Every structure is written in C-alpha cells, then in structure tokens.
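One structure is given here, and the rest of the page talks about it.
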Amino acid sequence: MPATVFNRIRGLVCLIPPGFVATYGTIARALGYKNSRLVGFAIRGNQDTSIPCHRVVFKDGSLAANYSFGGSEAQRHRLEFEGITFTPEGRVKLSAHLFVFNNPFFS
DNA sequence: CCGTTGACCAGGC
DNA sequence: GGCCTGGCCAACG
C-alpha cells in the first residue's frame, strides 16, 4: 500500500469521531494542501465503506451532491443518527460539530 | 510527459 | 442567500 496522498486523506477522515464533522478544506490544509478537491477526489475514488465519509461536509455545512452511499439524504440521516443537528435550511451546524485536527502528526 | 478530471473554495456580482 | 469564475494539484491514461 503506497503512502499516496489519497491514503493519507482517508486515514485522516477515519480520525473524525462520531458526532463531529470536518470540512474538505480543513482536511486538505491539515495535510498541507491548498486544493480541497483532492479530499473529495480521494474518497469518491475509493468508495470504501470503512471510511466515515458522511462526516465530511462543505465549508458552509451543506452536503456533497453526489454522495455515493444513497445520496445526500442517506448522508444526512446518518449524521442525525450520530447526534449532529441541522439548520432549517438543511445544513450542518458547523459551529456545534466542527472537528479540529489537534493531532501531533500534523502540527 | 501531457492533458483531463474532479464529493472544493474564495471572491466578485 | 445564489450563480459564475479562476485557481488549486494528485492521480490516471
């Protein structure tokens, strides 16, 4: 298993605890990249069920349009099940659930 | 090696 | 709040 950027992104996504979400940009910057597209690109390419990709959202709290495990509806349902709350507009309350990476690996 | 491809983001209108 | 634009950069053929 080569240590590609995609693999590192997936590893970071796995660190998000239940009840929290992270944005694409946060993950990209935690790894030292300005390009947030790589994060979505890495997750979509693999579609690995072991990765909690439903905890990765847009910077404004909206969900990915082409979520690969039942659409954004299923994604929202999973988040609600973990205790994540939404605004009336259907976006995640980032102020309450945004996860910040405090890991020594990326300081 | 080079062009294409993105589950993004910030800025402007 | 929405739509459009440009920039970003690893992976793949």
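Just so we're on the same page: letters track the sequence lines, and every chain starts at 1. Here the structure is a predicted model, which means the values were calculated and not measured.
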Check: R29(A) and Y24(A) side chains under 4.5 Å, non-hydrogen atoms: no
Rounded to whole Å, the CZ-P distance (R44(A) to dC12(C)) equals 11 Å
Rounded to whole Å, the CG-C1' distance (L31(A) to dC8(C)) equals 15 Å
Expressed as a whole number of angstroms, how long is the span from N35(A):CG to dG6(C):C1'? 12 Å
Does dG1(C) pair with anything, Watson-Crick or G-U wobble, both distances under 3.5 Å, and if so, with which nucleotide? none
Please lay out, stage by stage, how V92(A) and F86(A) fare under the test side chain to side chain contact (heavy atoms under 4.5 Å, CB included). CA-CA 5 Å; V92(A) 177; F86(A) 285 73; 3.6 Å; yes
Please determine, for the side chain of K34(A), which listed nucleotide (dC9(B), dA7(B), dC8(C)) has the closest atom? dC8(C)
Nearest to the side chain of R91(A), which nucleotide is it out of dA10(B), dA7(B), dG1(C)? dG1(C)
Is dT4(B) paired to anything, Watson-Crick or G-U wobble with both distances less than 3.5 Å, and if yes, which nucleotide? dA11(C)
Rounded to whole angstrom units, what separation is found between the CZ atom of R78(A) and the P atom of dA7(B)? 18 Å
Over how many whole Å does the gap from F6(A) atom CZ to dA10(C) atom P extend? 10 Å
Do NZ/NE/NH1/NH2 and the carboxylate oxygens of E80(A) and R76(A) come within less than 4.0 Å? yes
Take T26(A) and F41(A), find for each the nucleotide of DNA chain B with the closest heavy atom, and name the residue whose nucleotide sits nearer the 5' end. F41(A)
Expressed in angstrom and rounded to an integer, what is the separation of R29(A) atom CZ from dC9(B) atom C1'? 10 Å
Which whole-number value in Å describes the distance from Y33(A) OH to dC9(C) P? 10 Å
Rounded to whole Å, how long is the line connecting atom CG of L38(A) with atom C1' of dC12(C)? 13 Å
Tell me, with the steps shown, if V56(A) and T23(A) meet side chain to side chain contact (heavy atoms under 4.5 Å, CB included). CA-CA 5 Å; V56(A) 184; T23(A) 68; over 6 Å; no
